[in-house]
Amino acid sequence: MIIITDEQCTGYRQAGHPERPERIAATASKLRAQTELPVRWSLPGSVEDAALLRAHSQEHLDRLRDDRDFDPDTPWHPGIEKYARSSAAAALTALKLAREGKSVFSLMRPPGHHATRTRAMGFCYLNNIAVACLEALATGCKRIGVFDFDVHHGNGTEAILLNRPGAYFASIHQFPCYPGSGTRNVGDNCFNYPVAPKTAREEYRHIISSALEHLAGLKPQMIAVSAGFDCYARDPLAQELLEIEDFHWIGESIRKLGIPTFSLLEGGYSDDLPELIFAYLKGIDSK
Ligand SMILES: [Zn+2]
């Protein structure tokens with residue numbers, strides 16, 4: 001398992017904000033301390049504007065340098081452009097490693113799946129997974145699937161990939177919940193699975209299985225995973241009920257599809273995040 005991370009991504013914070021540097025620092029410590037899963041470490045690398053501009057407008061890239069908050073959840077931070085670009089670069093590195101047949105997880109912040117073509121929102125500044133998918137499609141991949149199991153709807157990814165030939169998007173998320181979208185399928189390639197708060201784990205797993213089966217049926221050559229761990233029972237931002245073993249099961253279910261895959265960290269705000277990620281990685285990696 002290759003973990004892409006950079007301790008520099010812990011360099012910004014807003015007091016009291018749930019998307020905090022400890023999410024990454026504690027997970028990296030956990031992964032360094034364990035011996036069960038062999039881990040190699042990689043740095044994110046860098047990203048060219050051309051790759052970002054497939055997913056975002058030039059105005060949006062410029063806006064990252066303008067020191068005004070984007071919304072109450074999504075403050076401007078000194079250097080946020082650098083942090084956001086590094087997280088997007090990690091997504092491209094993850095894509096590259098997955099193409100080489102490696103198991104890979106990007107342990108970076110900020111997350112990306114709420115960022116639209118023109119707007120930062122929901123703790124997200126650049127849409128890392130959309131940048132990686134559009135890179136894949138521009139460089140020889142004919143069909144790519146996005147599987148988004150973060151508890152919030154991946155509205156930004158959906159908006160960017162909507163009706164893009166070769167891109168398929170599936171999101172399982174709590175509804176009602178932020179950002180309030182994702183109640184039905186849209187276009188010919190975006191499939192939404194809204195789930196009521198406090199849905200029983202068995203039912204939640206059943207919905208995930210159906211979504212994965214449908215996505216695999218579209219015959220993608222690769223699956224990019226927006227891995228959010230806020231559907232956990234003790235996450236402070238949502239009301240779903242998944243337990244640690246469910247994240248192992250999700251990883252295993254993705255692996256069993258037998259399709260090359262890479263995963264990017266999205267949300268997950270409980271103190272148990274390192275354990276949840278570790279369980280997921282063992283599921284993705286187990287032979
Ligand atoms: Zn989330």
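What's counted below: heavy atoms across the whole structure, side chains too, no hydrogens, waters or symmetry copies.
Counting non-hydrogen atoms of neighbouring residues, nucleotides and ligands closer than 6.0 angstrom, the CD atom of Glu7 reaches no more than 12 such neighbours. Heavy atoms of other residues, nucleotides or ligands lying less than 6.0 angstrom from NE2 of His206 number 12 at most. More than 12 heavy atoms of other residues, nucleotides or ligands shown are found within 6.0 angstrom of CD on Glu245. Within a 6.0 Å sphere centred on CD of Glu22, heavy atoms belonging to other residues, nucleotides or ligands number more than 12.
The shortest heavy-atom contact between Ala51 and Leu92 is CB-CD1, 4.0 Å. Here the closest heavy-atom approach between residue Tyr12 and residue Pro21 is recorded as O-CG, 3.5 Å. Here the closest heavy-atom approach between residue Ala88 and residue Leu126 is recorded as CB-CD1, 4.5 Å. Here the closest heavy-atom approach between residue Gly140 and residue Arg99 is recorded as N-NH2, 4.4 Å. Across all non-hydrogen atoms, the minimal contact from Ala216 to Leu257 is CB-CD2, 3.9 Å.
One finds the OG1 atom of Thr199 at 14.5 Å from the CZ atom of Arg205 (value rounded to the nearest 0.5 Å). Between Ile160 atom CD1 and Asn127 atom CG the span is 4.0 Å, to the nearest 0.5 Å. The distance from the CG atom of Leu264 to the CG atom of Asn128 is 6.5 Å, given to the nearest 0.5 Å. Considering CZ of Arg13 and CZ of Arg20, their distance stands at 9.0 Å, rounded to 0.5 Å. Expressed to the nearest 0.5 Å, how far NZ of Lys82 lies from NE2 of His77 amounts to 12.5 Å. To the nearest 0.5 Å, atoms CG (Leu242) and SG (Cys231) are separated by 4.5 Å.
Put simply, the side chain of Leu137 does not reach to within 4.5 Å of the side chain of Arg54, judged on heavy atoms. Val151 places none of its side-chain heavy atoms less than 4.5 Å from the side chain of Gln239. Annotation: side chain of Leu281 is in contact with side chain of Leu31 (closest heavy-atom distance under 4.5 Å). Met1 has its side chain out of reach of Pro38: every pair of non-hydrogen atoms, C-beta onward, lies at least 4.5 Å apart. A 4.5 Å side-chain heavy-atom check between Ser171 and His113 finds every atom pair outside the cut-off. Side-chain contact between Val104 and Leu95 is absent, with no heavy-atom pair separated by less than 4.5 Å. No side-chain heavy atom of Pro110 sits under 4.5 Å from any side-chain heavy atom of Cys124. The closest side-chain heavy-atom distance from Ile244 to Asp272 is not below 4.5 Å.
Residues Ile277 and Phe147 share a hydrophobic cluster, clusters being chains of Ile/Leu/Val/Met/Phe/Trp/Tyr side chains in contact below 4.5 Å. Using a 4.5 Å cut-off between side-chain heavy atoms of Ile, Leu, Val, Met, Phe, Trp and Tyr, with links allowed through other members, Tyr269 and Met108 fall into different hydrophobic clusters. In the hydrophobic clustering of ILVMFWY residues, with side-chain heavy atoms under 4.5 Å counting as a link, Ile223 and Ile4 come out apart. Under a hydrophobic clustering in which Ile, Leu, Val, Met, Phe, Trp and Tyr are joined whenever their side-chain heavy atoms come within less than 4.5 Å, directly or via other members, Ile208 and Val146 fall into different clusters. Each of Leu237 and Ile172 belongs to its own hydrophobic cluster when Ile, Leu, Val, Met, Phe, Trp and Tyr are linked at side-chain heavy-atom distances under 4.5 angstrom.
At least one donor-acceptor pair closer than 3.5 Å links the side chain of Thr93 to the backbone N or O of Pro44. Of the possible polar contacts, none joining the Arg65 side chain to the Glu81 backbone as a donor-acceptor pair under 3.5 Å is found. Here the side chain of Arg117 pairs no donor or acceptor atom with the backbone of Ala159 at under 3.5 angstrom. In this structure, the side chain of Arg85 engages the main chain of Val47 through a donor-acceptor pair within 3.5 Å. For Asp148 (side chain) and Ala170 (main-chain N/O), no donor-acceptor pair under 3.5 Å exists by modelled atom type. Not one N or O on the side chain of Asp150 forms a donor-acceptor pair closer than 3.5 Å with the backbone of Ala227. Remark: the backbone N or O of Ala84 is not paired with any side-chain donor or acceptor of Ser87 at under 3.5 angstrom. At distances below 3.5 Å, not a single donor-acceptor pair connects side-chain atoms of Tyr125 with backbone N or O atoms of Leu64.
Each side chain to side chain donor-acceptor pair (under 3.5 Å) pair with one or both residues in residues 211-228, not counting sequence neighbours, appears once here: Ser226-Glu266.
Judged by distance alone, the side chains of Asp230 and His152 do bring a donor and an acceptor atom under 3.5 Å apart. A donor-acceptor pair shorter than 3.5 Å cannot be found between the side chains of Tyr204 and Gln174. A donor-acceptor pair shorter than 3.5 Å can be found between the side chains of Tyr280 and Ser263.
A salt bridge links Glu243 with Arg234: at least one charged nitrogen is closer than 4.0 Å to a carboxylate oxygen. For the pair Lys96 and Glu135, the salt-bridge criterion is not met [side-chain N within less than 4.0 Å of a carboxylate O]. Salt-bridge annotation for Lys30 and Asp271: absent, with no side-chain N of the basic residue lying under 4.0 Å from a carboxylate O of the acidic one.
In this structure, Phe149 has its ring center closer than 6.0 angstrom to the ring center of Phe229.
For the pair Arg109 and Phe123, the cation does not sit on the ring face, since its NZ or CZ is not both under 6.0 Å from the ring centre and inside 45° of the axis.
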Please list every donor-acceptor pair under 3.5 Å in which a side-chain atom of residues 178-187 meets a protein atom from a residue at least two apart or in another chain.
unit_1: Tyr178; atom_1: OH; unit_2: Gly122; atom_2: N; d: 3.1
unit_1: Ser181; atom_1: OG; unit_2: His153; atom_2: ND1; d: 2.7
unit_1: Asn185; atom_1: OD1; unit_2: Asn192; atom_2: N; d: 2.8

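In this structure Asp188 satisfies the side-chain contact (heavy atoms from CB on, under 4.5 Å) test together with Asn163, sequence neighbours excluded.
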